[in-house]
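The next block holds one structure in the form of structure tokens; read it before the comments.
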There are 2 protein chains.
Amino acid sequence: MKQNNMNWTIYDIAREARVSAKTVSRVLNDKPGVKETTRAKILDIMRKVQYHPHMGARALRGKRQGCIGITVPAPLNVAPLSQSFFIWLFGELFRLFSPRGEYLCFDMNPFAAQPKPDYARGLWQQLYKACIVVGPLALEDKTIFRIHESGVPYVVFGRLDGFPECSYATVDYEEGCYESTKFLIKRGHKRIAMLKAFSGYEPGLERRRGYLRALEEAGLTPDENLIRSVTFGSRNIANVVHRLLAQSDVTALLDCSGVEDGASIREGARRAGKVPGKDFEVLSWTYADNGAVLAEACAHMWLPVREAASEGLELLGEWIDEKRAGPIHVLYRPVLNEKVTGGEIPKPKRLFDVLD
Amino acid sequence: MKQNNMNWTIYDIAREARVSAKTVSRVLNDKPGVKETTRAKILDIMRKVQYHPHMGARALRGKRQGCIGITVPAPLNVAPLSQSFFIWLFGELFRLFSPRGEYLCFDMNPFAAQPKPDYARGLWQQLYKACIVVGPLALEDKTIFRIHESGVPYVVFGRLDGFPECSYATVDYEEGCYESTKFLIKRGHKRIAMLKAFSGYEPGLERRRGYLRALEEAGLTPDENLIRSVTFGSRNIANVVHRLLAQSDVTALLDCSGVEDGASIREGARRAGKVPGKDFEVLSWTYADNGAVLAEACAHMWLPVREAASEGLELLGEWIDEKRAGPIHVLYRPVLNEKVTGGEIPKPKRLFDVLD
DNA sequence: CTGTTAGCGCTTTCAC
DNA sequence: GTGAAAGCGCTAACAG
């Protein structure tokens with residue numbers, strides 16, 4: 001008999017059980033057409049020798065083998081996913097995929113020491129049987145098309161213009177910006193400055209569009225100088241706010257950067273000699289329900305990104321199981337909260353970290 | 001010509017380049033024996049069609065393919081790895097393995113919905129080319145032997161009695177307990193109670209042994225009643241401390257539970273009508289350099305677990321690259337800190353969470 | 001109910 | 001320098 005510590009193959013099992021390899025394969029895959037006694041005998045041997053099928057061989061022959069790949073399409077300095085979001089995501093993945101006995105595979109490569117990052121390597125190498133794309137897509141992203149065409153179940157926590165078929169679970173940033181701007185217009189503001197992040201990425205574009213659409217509807221002329229891209233550094237935000245308030249007749253600040261950094265906005269205002277909530281109004285975006293970025297803000301827009309992602313993952317599981325077909329289309333609407341409830345400002349569980 | 005969005009094989013590449021598959025394979029693996037012009041032509045085609053080798057096929061034929069597996073040998077209620085440790089570990093893995101373009105594969109399965117947990121599934125299925133075992137090994141653990149025998153590079157953040165060949169990167173808990181106990185004996189204590197966690201696991205055993213050795217050397221008779229197992233729940237710790245202090249003549253408490261929960265110790269003492277640092281002395285273990293679990297403690301023992309793990313990962317990388325051979329033996333000595341420096345007590349970055 | 005055969009994409013002899 | 005052929009462990013198609 002073969003040594004126990006060797007790797008057994010279905011042929012070894014077959015020889016041992018005096019059946020053919022195909023029968024062993026049938027047992028392995030829970031397929032019908034095997035006598036119960038034969039099945040029991042084979043299962044017994046498998047247990048005894050601690051047999052495990054070779055994943056590579058399976059992937060080679062059949063399809064739909066492998067791990068669930070988790071990948072990030074943007075470098076971490078563009079979308080500095082926070083620890084708390086990361087932990088949240090891991091928890092969700094665990095909750096959903098642990099009972100199914102899946103492997104989660106993180107690609108460590110994309111943005112390190114690579115000239116041309118390919119964030120879906122694992123898919124081309126047929127290591128993944130499904131793929132979760134975490135974060136904003138670059139405007140010129142082509143990879144997502146290839147992922148889509150590969151036919152593998154996948155979901156993106158973001159969208160791409162001109163690719164509505166894409167499988168996504170995200171929040172409607174355009175809608176968010178449109179509603180935010182409209183809200184400020186309704187309060188009488190005509191010079192509304194916008195802080196937006198993710199320049200060069202789809203979410204940045206969506207925000208811009210929503211903002212412009214609201215202005216146009218109200219018959220206001222947009223001023224490019226009022227649209228400012230910020231990065232995830234608090235000094236940067238303070239600087240941008242400072243310049244914005246110092247040199248113009250801005251009466252409202254729409255902070256849809258998603259940085260959730262109220263202190264920096266306040267600091268920028270202070271340098272410009274203005275006080276938020278008094279000299280100008282602020283509407284800030286937050287990723288936490290009922291979270292307030294700035295107590296002085298006249299309203300907060302809640303972007304239920306986590307909630308959308310959670311539903312997307314759920315649906316991905318069903319797609320993998322072929323209980324439903326792809327692609328996934330989960331698009332949550334942002335929610336405007338005019339007042340902060342309670343005395344204490346709930347500290348938002350950030351989606352992104354501020355880099356300093 | 002083959003469609004671009006199909007999966008190309010080396011044969012397709014070979015046909016295109018008018019060479020044999022073997023030549024393509026040689027180029028793919030950076031092997032010598034190919035004319036420079038041929039090599040360039042092949043690389044060019046590969047780039048053009050976005051060729052990626054099939055991981056399964058490679059794993060099937062050659063050896064040493066696949067991801068780096070991360071696995072946890074103990075259920076999370078035994079070793080509730082904290083978020084901060086988890087983030088730390090992920091950061092380390094990223095730092096080390098990202099530049100190498102590795103995949104990190106987390107087995108989500110072991111302790112969910114499985115009758116007999118097999119925390120190294122991925123290894124038997126030949127999905128992993130290396131394996132990191134995070135956490136304490138159960139005393140009856142057999143899996144670790146199989147991992148060792150498989151010849152795959154691996155490292156355990158823990159050890160196992162009677163298996164010194166095991167590849168590990170950890171801290172000497174026995175030494176830590178021995179030195180801790182000796183320290184308390186030197187201060188005149190004769191009735192030293194010990195709080196220890198991980199009962200049924202190797203680290204628990206090591207602690208017990210170190211404690212008993214120190215008592216024996218000092219000619220003190222051990223009292224089984226003074227050795228108490230605690231779990232990672234704060235109520236549990238308070239209860240155990242309460243009972244320990246209420247019913248005996250204990251003058252010193254050696255808290256090598258690793259729970260880093262000073263508040264619960266204080267609470268237990270309060271219930272017994274005693275004050276730590278006054279009615280009895282405490283020596284507490286911590287996983288943070290210069291971290292203090294309890295301000296009233298007469299000393300802290302720092303267990304440099306993270307530091308050992310970090311070095312272990314580094315060496316694992318070299319083992320994978322065959323720049324060194326296995327197994328890895330990294331054993332850090334704990335460090336006794338008599339005084340807490342600075343006025344503020346640094347909050348330890350916990351290794352384990354307290355479950356409540 | 002069970003077995004035979006071929007082939008997935010790659011690497012490894014060994015030959016030229 | 002290069003290629004032909006075999007085979008890694010598994011499964012799908014087709015026989016019986």
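Computed from a prediction, not measured in an experiment: that's the story for all the values here. Here is how names work: the chains are called A, B, and so on, in the same order as the sequence lines, proteins then strands, and each is numbered from 1. Computed from heavy atoms alone, side chains included, the values below leave out hydrogens, waters and symmetry copies.
Contact check, B:Ser20 against D:dG3: a side-chain N or O comes under 4.0 Å of OP1 or OP2. Applying the 4.0 Å criterion to OP1 and OP2 of C:dT2, one finds that A:Thr23 has every side-chain N and O outside that range.
Proximity of A:Leu160 to A:Tyr201: side-chain heavy atoms (C-beta onward) are nowhere separated by under 4.5 Å.
If B:Ala57 and B:Val19 are placed on DNA chain D by their nearest nucleotide, the residue sitting closer to the 5' end is B:Val19. Residue B:Gln126 is the one, among A:Arg26 and B:Gln126, whose nearest nucleotide of DNA chain D lies closer to the 5' end (criterion: closest heavy atom).
Residue A:Lys22 is classed as a base contact, given a heavy-atom separation below 4.0 Å to a base. When heavy atoms are screened at a 4.0 angstrom cut-off, A:Pro53 is found touching the sugar-phosphate backbone but no base atom.
Between B:Leu96 and B:Ser310, the shortest heavy-atom contact is CD1-O, 4.5 Å.
Remark: P of C:dC1 and CD of A:Glu36 are 9 Å apart, rounded to the nearest angstrom. Spacing between atom CD1 of A:Ile42 and atom P of C:dG3 amounts to 8 Å, rounded to whole angstrom units. With rounding to whole Å, B:Leu60 atom CG is found 17 Å from C:dG7 atom P. When rounded to the nearest whole Å, the span between OH of A:Tyr11 and C1' of D:dC10 equals 7 Å. Between the C1' atom of D:dC10 and the CG atom of A:Asp30 lies a distance of 16 Å, rounded to the nearest Å. Following rounding to the nearest Å, A:Lys31 (NZ) and C:dT2 (P) show an atom-to-atom distance of 16 Å. Between A:Ile10 atom CD1 and D:dG7 atom P there is a gap of 17 Å when expressed in whole angstrom units. Distance NE2 (B:His54) to P (D:dG9): 16 Å, rounded to an integer number of Å.
No cation-pi contact links B:Arg306 to B:Phe157, judged by a cut-off of 6.0 Å to the six-membered ring centre and 45° from its axis.
Side-chain proximity of B:Ser25 to the nucleotides D:dT2, C:dT11, C:dT2 is greatest for C:dT11. Here the side chain of B:Thr38 is nearest to one of D:dT2, C:dC1, D:dC10, namely D:dT2. Residue B:Tyr51 places its side chain closer to C:dC10 than to any other of C:dC10, D:dG3, C:dT2.
With no hydrogens or angles considered, no side-chain donor-acceptor pair links B:Gln125 and A:Arg58 at under 3.5 Å.
Side chain of B:Tyr128 to backbone of B:Gly66: no donor-acceptor contact under 3.5 angstrom is found.
With hydrogens and angles ignored, a donor-acceptor pair under 3.5 angstrom links the side chain of B:Arg61 to the base of D:dG7.
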